[in-house]
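Notes follow the structure.
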Amino acid sequence: MCPPVGRRYHAAGTESGPPSPGGGAYGRASASPGSCTRASAVLNQPPHTLSPNDKIVSAMTVVTRFAPSPTGYLHIGGGRTALFNWLFAKRHGGKFLLRIEDTDRARSTQAAVDALLDGLSWLELNWDGEAVSQFERKDRHAEVAREMLANGHAYYCYATPEELEALREEQKAKGLPTRYDGRWRDRHPSEAPAGTKPVIRLKAPQAGETVVHDKVQGTVTVQNTQLDDMILLRSDGTPTYLLAVVVDDHDMGVTHVIRGDDHLTNTFRQLQIYHAMGWTPPEFAHVPLIHGPDGAKLSKRHGALAIDAYRDMGFLPETMRNYLLRLGWGHGDDEIISTAQAIEWFNLEGIGRSPSRLDFAKMENLNAHYIREAEDTRLVALTTPFVEQKLGRALIEAERDRFLRSIPGFKPRVKTLVELADGALFLFRARPLPLDEKAAAQLNAEARGQLATLAEKFAGLNDWTAAAVEQVVRDFAEAGGLKLGKVAQPLRAALTGSTVSPPIFEVAEILGKDETLSRMEDVKNGP
RNA sequence: GUCCCCAUCGUCUAGAGGCCUAGGACACCAGCCUUUCACGUUGGCAGCACGGGUUCGAAUCCCGUUGGGGACGCCA
């Protein structure tokens with residue numbers, strides 16, 4: 001019952017490297033290590049509650065897959081595709097499979113595979129079973145190609161790459177579409193030139209049309225004259241992408257193929273393979289691509305696009321899930337959508353048909369929201385690596401505690417974990433604190449004099465709490481006929497080295513009496 | 001070049017012929033709050049690409065134009 005899968009990639013483990021700040025601290029979604037659970041487990045799925053318009057889907061168990069090629073890193077578009085597949089599977093109580101499309105041996109690297117798994121794990125998109133290596137299934141692909149050969153749907157082609165290149169050039173020069181001309185379609189292999197290894201090509205229909213009923217794009221039709229006889233098996237016996245995808249999707253029982261728009265035109269050719277094999281094709285849903293902020297195609301030039309780059313920029317995985325979900329998918333006016341809610345709501349109908357652009361400002365705004373919602377201890381765990389990197393040393397226990405107590409003050413003030421780390425640095429810096437320009441300007445002679453007096457009052461304070469400190473400062477300001485800010489700002493400058501920080505009385509409490517007085521002492525004689 | 005897809009505020013989107021004087025969110029601007037900065041809150045700016053149809057009525061349906069994007073490999 002189990003499809004013949006070859007070597008499998010294991011889900012990213014917690015040991016997968018100590019990469020970027022925060023790397024080791026993140027929890028990992030791990031795929032269940034079970035073996036082949038597909039056939040049996042699928043049949044035992046409890047009936048899922050579905051809304052009326054899901055009848056067709058509920059009739060079968062949903063199986064989706066994410067099939068990246070390990071030639072680069074998991075970028076944000078791939079992340080969204082994975083998310084959609086994952087959500088759709090979860091929504092219908094189905095399976096979300098992962099297949100690594102590594103048939104191009106020259107370009108596939110283990111590092112890229114690791115990065116892919118790591119990226120998915122960070123996004124907490126856990127896949128069912130183990131990741132399948134497409135390359136390991138090459139024998140099965142070849143078997144299917146031979147089957148098509150046998151049933152007359154494919155043929156050997158002895159044209160060399162050079163010959164085909166020349167053909168393309170010629171067609172291009174004449175302004176014709178570049179297509180294989182079928183020169184070996186009806187020739188007998190006995191005419192084959194000696195020493196040339198043939199490829200196997202699909203004998204595609206030359207008349208009529210091929211139609212895709214896409215769940216996102218609608219019905220799309222193409223004339224078969226537009227499609228040429230694609231290569232199924234290369235001369236070295238390895239499968240091409242088009243063959244491999246179809247065979248794997250079929251064997252893995254994939255019911256819904258949700259993927260990038262760039263595959264829409266491939267779908268026609270894939271459909272021809274399904275037809276040649278007499279297989280029932282899955283449902284297709286082609287999601288429009290994501291563009292960079294300038295509307296152009298997403299590329300490295302647009303800055304950090306690999307998923308782990310967003311982690312390094314201090315984004316939370318739940319932020320990415322929410323943001324990516326809303327990028328190209330909508331549910332009325334809802335903006336803040338938890339993952340649990342997304343699983344309940346996600347559908348193919350809600351996917352938009354037009355490409356969308358990345359908007360970092362919105363992503364940051366969402367991140368700020370999720371930071372405010374996050375547990376303090378979790379934020380400390382996630383942000384400590386950033387802090388330690390900036391500090392150039394590890395935090396000691398007491399400092400981590402100090403950090404933890406400061407989190408509530410930072411929550412409404414930061415948009416990313418990096419901002420949190422930057423903002424919190426003053427808590428750990430060795431005295432005397434470096435002062436930024438504005439802070440230094442606050443500490444003029446007059447302010448220093450006031451601070452000295454204030455320090456004396458602080459010294460007499462036994463109950464060192466934010467409220468007590470505040471009372472002292474307020475009384476002091478009132479007595480001197482000063483506005484509170486007139487005193488609070490210099491105090492902030494002395495305690496934080498900056499003019500921007502969480503409420504300064506809270507800061508004083510967190511710093512403690514001794515540290516507070518010491519920092520005030522430090523600026524006594526001027527910045 | 002050939003084929004395919006797309007088109008609502010700057011951005012993400014709601015919109016299934018009358019509920020649209022086009023709604024929400026982010027960003028931006030202003031007010032309030034305030035020990036700083038934020039958060040919060042109130043208000044504001046801002047859009048149906050263009051041209052033809054169809055219809056009593058079109059952001060919504062049809063055609064064209066323009067503008068974007070994608071695919072045309074022994075890559076995936």
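Reminder, nothing fancy here: chain letters follow the sequence lines and each chain counts from 1. The structure displayed is predicted, hence computed values, not measured ones.
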For A:Ser498, answer base if it contacts any base atom (sugar-phosphate contacts may also be present), sugar-phosphate if it contacts only those atoms, and nothing otherwise; contact means non-hydrogen atoms under 4.0 Å.
nothing
So does A:Thr240 reach the base of B:C74 with its side chain, donor to acceptor, closer than 3.5 Å?
no
d(OH, A:Tyr241; P, B:A76) in whole Å
9 Å
Close N/O contacts between protein and nucleotides 38-40 of chain B (under 3.5 Å):
residue	atom	partner	partner atom	Å
B:A38	O2'	A:Pro412	O	2.3
B:C39	O4'	A:Pro412	O	3.4

Starting at atom CG of A:Leu425, determine the distance to atom P of B:C37, rounded to an integer number of angstrom.
22 Å
Report each atom pair, protein N/O against N/O of nucleotides 5-14 of chain B, whose distance is under 3.5 angstrom.
residue	atom	partner	partner atom	Å
B:C5	O3'	A:Gln217	OE1	3.4
B:C5	O2'	A:Gln217	OE1	3.0
B:C12	OP1	A:Arg357	N	2.9
B:C12	O2'	A:Arg326	O	2.9
B:C12	O2	A:Lys362	NZ	3.1
B:U13	OP1	A:Gly328	N	2.5

Could you tell me whether A:Arg168 and A:Glu165 have a side-chain N and a carboxylate O separated by less than 4.0 Å?
yes
Ring centroid separation for A:Phe84 and A:Phe346, is it under 6.0 angstrom?
yes
Looking at A:Asn365, does any N or O in its side chain come under 4.0 Å of the phosphate oxygens OP1/OP2 on B:A27?
yes
Residue matched to B:G40 through Watson-Crick or wobble contacts both under 3.5 angstrom
B:C32
Just to be sure I understand the rule, does A:Thr265 reach a base, reach only the sugar-phosphate, or reach nothing, if contact means heavy atoms closer than 4.0 Å?
base
Determine the contact category for A:Pro68: base if any of its heavy atoms lies under 4.0 Å from a base atom, sugar-phosphate if only primed atoms, P, OP1 or OP2 are that close, otherwise nothing.
nothing
Classify A:Asn266 by what it touches in the nucleic acid, base, sugar-phosphate, or nothing, heavy-atom distance under 4.0 Å.
base
Give a yes or no on whether a salt bridge exists between A:Lys438 and A:Asp436, defined as a side-chain N under 4.0 angstrom from a carboxylate O.
no
Let me know, please, whether A:Met363 or A:Gln489 comes out on the 5' side of the other along RNA chain B by nearest nucleotide.
A:Met363
Can you check nucleotides 41-43 of chain B for protein contacts, nitrogen or oxygen pairs under 3.5 Å, and list what you find?
none

Between A:Phe268 and the options A:Leu227, A:Val211, A:Thr221, the side-chain contact (heavy atoms from CB on, under 4.5 Å) test singles out A:Leu227
Could you state the CD-P distance from A:Gln442 to B:U36, rounded to the nearest angstrom?
11 Å
Is any side-chain N or O of A:Arg179 closer than 4.0 Å to OP1 or OP2 of B:C72?
no
